[in-house]
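Chain letters run A, B, ... following the sequence lines, proteins first, then strands; residues in each count from 1. Since we're looking at a predicted model, the values are computed, not measured.
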2 protein chains.
Amino acid sequence: MSGNPRRESSDRRVRRTRRAVQQALTELILEKGYETISVTDLINRANVGRSTFYAHFTDKQDVLFSNLDELSDLLRLSPAATPDTLFAFSLPMFEHVQERGRLLRALLGRRGSTAVVARGERIIAATVRDELLARLPPGSGPPASLDLVVTCVVGAFMALLRRWADGEVAATPTEMDAAFRAVVMPGVERELAAVHALGDSSPAGYGPPR
Amino acid sequence: MSGNPRRESSDRRVRRTRRAVQQALTELILEKGYETISVTDLINRANVGRSTFYAHFTDKQDVLFSNLDELSDLLRLSPAATPDTLFAFSLPMFEHVQERGRLLRALLGRRGSTAVVARGERIIAATVRDELLARLPPGSGPPASLDLVVTCVVGAFMALLRRWADGEVAATPTEMDAAFRAVVMPGVERELAAVHALGDSSPAGYGPPR
DNA sequence: TTGTTCCGAAACAATGTGTTCGGTTATAAA
DNA sequence: TTTATAACCGAACACATTGTTTCGGAACAA
């Protein structure tokens with residue numbers, strides 16, 4: 001039993017221990033990738049007793065998440081702060097990933113953690129959903145297709161981000177953002193227009209462009 | 001040393017053993033999901049000795065792939081067979097996943113195998129790439145943005161497929177296909193038109209829709 | 001029938017996980 | 001400064017998983 005004591009402890013020893021483990025994790029991620037790291041690796045690198053580790057963290061994943069809490073806040077940028085452009089998160093996100101450098105790239109790429117990707121996916125999905133909802137006629141409820149559109153958009157974005165983090169593509173954040181928008185925006189705007197035209201929340205009017 | 005002896009053995013015992021293990025795997029996947037299955041689980045369920053298992057397969061993953069070889073062929077449908085409509089694979093794919101029922105859904109969903117998803121991703125990416133290349137002016141080489149577009153499209157498709165396999169969305173294959181096309185096609189067509197208009201392979205003319 | 005090949009069982013080393021416990025030491029508070 | 005306390009270490013433990021090896025016996029193709 002331990003988990004995350006939300007706030008920093010007053011005892012210097014626990015701060016020391018927690019930081020040592022967290023830092024050991026990021027070092028090891030960069031060296032061998034997240035999945036192959038064992039708790040034994042972690043405590044050796046951190047110079048921390050086994051029992052001590054389990055007094056602070058339940059898991060390898062627990063350490064990872066304790067490191068990612070700050071990041072979650074950073075991801076939650078501009079939910080509807082700029083209501084003029086859709087998907088405002090895209091460019092800042094690519095930029096942020098580039099700045100934070102190797103760690104984030106290691107976590108998002110192929111040798112990274114499924115859990116981190118899933119977490120990011122959830123946060124971005126919520127953001128996209130909110131943005132789209134704000135663009136819909138206020139009266140009607142969310143159209144049935146909303147979640148599918150959100151899934152598409154987030155899927156495309158995360159795929160770009162993952163490939164980019166893997167270094168398989170050489171491009172600037174601006175180029176990545178442009179590619180994302182170029183593929184996704186026309187379809188989304190057309191969707192929004194269709195819903196507005198129908199007035200009602202009846203969403204079945206897709207049909208292939210044919 | 002064993003791996004996959006491409007063809008069926010003539011020895012009945014070998015066939016018997018391999019099938020038992022393969023079937024045990026699919027049963028266990030449906031019961032507990034792929035990731036948590038251990039080799040020990042497998043040999044207990046299959047009633048097969050430990051040494052026997054390793055005489056036939058190198059790995060848990062080896063068993064999985066031996067089961068999936070047929071599937072790979074099924075995925076490789078209509079690469080350019082119907083040059084009139086883009087992304088012809090989409091609808092048949094959704095339909096196929098629905099027909100094949102629980103096993104494929106279990107493999108693709110959240111509790112499924114990363115390896116399977118990655119494999120499917122690669123195959124579909126190759127298909128999408130070929131389709132788009134066929135639509136480009138024949139003289140010029142592939143524009144630099146091609147791979148990004150492919151990544152977007154495949155990312156959106158796989159995200160839809162995964163969510164659907166997870167049962168989080170109740171929709172028919174036709175509806176899924178329609179959602180996919182509605183989001184993705186307008187942007188892709190606009191891209192293609194842009195490249196055609198520029199005549200040359202210079203692809204930098206994106207720019208956010210602003 | 002006969003020689004080959006496969007099979008099951010058991011034991012094995014190696015590695016990892018999560019827990020417990022007694023002794024030591026740093027820390028915060030008095 | 002003293003002191004009670006909470007955190008630490010390290011070793012040992014039980015347990016699970018993996019992949020290898022070695023048998024005698026049984027099924028198989030010819």
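- Here the side chain of B:Asp62 pairs no donor or acceptor atom with the backbone of B:Phe57 at under 3.5 angstrom.
- Rounded to whole Å, atom C1' of C:dC7 lies 15 Å from atom CZ of B:Arg18.
- In this structure, B:Lys60 fails the cation-pi test against B:Phe65, since its NZ or CZ atom is not both closer than 6.0 Å to the six-membered ring centre and inside 45 degrees of the ring normal.
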Run the numbers on B:Arg129 and B:Asp147 for salt bridge (charged side-chain N to carboxylate O under 4.0 Å, His left out), then give the verdict. CA-CA 8 Å; B:Arg129 216 186 118 93; B:Asp147 282 335; 2.7 Å; yes
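- Contact annotation: B:Tyr54 does not reach the phosphate of D:dT20 (side-chain N/O to OP1 or OP2, under 4.0 Å).
- There is no side-chain donor-acceptor pair under 3.5 Å between B:Thr174 and B:Asp177.
- Between the side chain of A:Arg50 and the base of C:dG18 there is at least one donor-acceptor pair of N/O atoms closer than 3.5 Å.
- Overall, the helix from C:dT1-D:dA30 to C:dA30-D:dT1 carries an axis bend of 30° between its ends, with five pairs at each end and the value rounded to 10°.
- B:Ser51 comes within contact range of at least one nucleobase, with a heavy-atom separation under 4.0 Å.
- The closest side-chain donor-acceptor pair between B:Asp130 and B:Thr127, if any, does not fall under 3.5 angstrom.
- If you check every strand for non-hydrogen atoms under 4.0 Å, A:Asn47 touches sugar and phosphate atoms only.
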Would you sort out whether A:Arg16 and A:Asp11 count as a salt bridge (charged side-chain N to carboxylate O under 4.0 Å, His left out), showing the intermediate values? CA-CA 9 Å; A:Arg16 195 185 98 92; A:Asp11 196 321; over 6 Å; no
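- For the pair B:Gln61 CD and D:dT18 C1', the computed distance is 15 Å after rounding to whole Å.
- Cation-pi geometry between B:Arg162 and B:Phe157 is not met at under 6.0 angstrom from the ring centre and within 45 degrees of the axis.
- For the pair B:Phe57 CZ and D:dT20 C1', the interatomic distance rounds to 18 Å; values are reported in whole Å.
- Between C:dG18, D:dC28, D:dC8, one nucleotide has an atom nearer to the side chain of B:Asp11 than all others, and that is D:dC28.
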Evaluate the side chain to side chain contact (heavy atoms under 4.5 Å, CB included) criterion for residues A:Met93 and A:Ile124: first the C-alpha distance (whole Å), next the side-chain angles of each, then the deciding distance (0.1 Å), finally the verdict. CA-CA 10 Å; A:Met93 190 83 166; A:Ile124 296 180; 3.7 Å; yes
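- In this structure, CG of A:Asp41 is placed 8 Å from P of C:dT17, rounded to the nearest angstrom.
- Both the sub-6.0 Å distance and the 45° axial angle are not jointly satisfied by A:Arg181 relative to the ring of A:Phe87.
- Atom CZ in A:Arg15 sits roughly 12 Å away from atom P in D:dC8 (whole-Å rounding).
- Taking the nucleotide of DNA chain D with the nearest heavy atom to each of A:Gly49 and B:Lys60, the more 5' of the two is matched to A:Gly49.
- Looking at residues 28-40 of chain A, you'll see that no heavy atom sits under 4.0 Å from any atom of DNA chain D.
- A:Asn44 has its CG atom 12 Å from the P atom of D:dA11, to the nearest Å.
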Any chance you could lay out the side chain to side chain contact (heavy atoms under 4.5 Å, CB included) test for A:Glu99 and A:Leu104, step after step, and finish with the verdict? CA-CA 9 Å; A:Glu99 284 164 17; A:Leu104 265 186; over 6 Å; no
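- The CZ atom of A:Phe53 sits 18 Å away from the C1' atom of D:dA11 (whole-angstrom rounding).
- Ring planes of B:Phe180 and B:Phe89: tilted class, angle from 30 to 60°.
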Check nucleotides 24-26 of chain C against the protein and report each pair of N or O atoms closer than 3.5 Å, with its distance, or say if there are none.
from	atom 1	to	atom 2	distance (Å)
C:dA26	N3	A:Arg13	NH1	3.0

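- The interatomic distance linking A:Arg16 (CZ) with C:dA28 (C1') rounds to 17 Å, in whole Å.
- Considering only side-chain N and O atoms, B:His56 lies under 4.0 angstrom from the phosphate OP1 or OP2 of C:dC7.
- With salt bridges taken as basic N to acidic carboxylate O contacts below 4.0 Å, one links B:Arg45 and B:Glu31.
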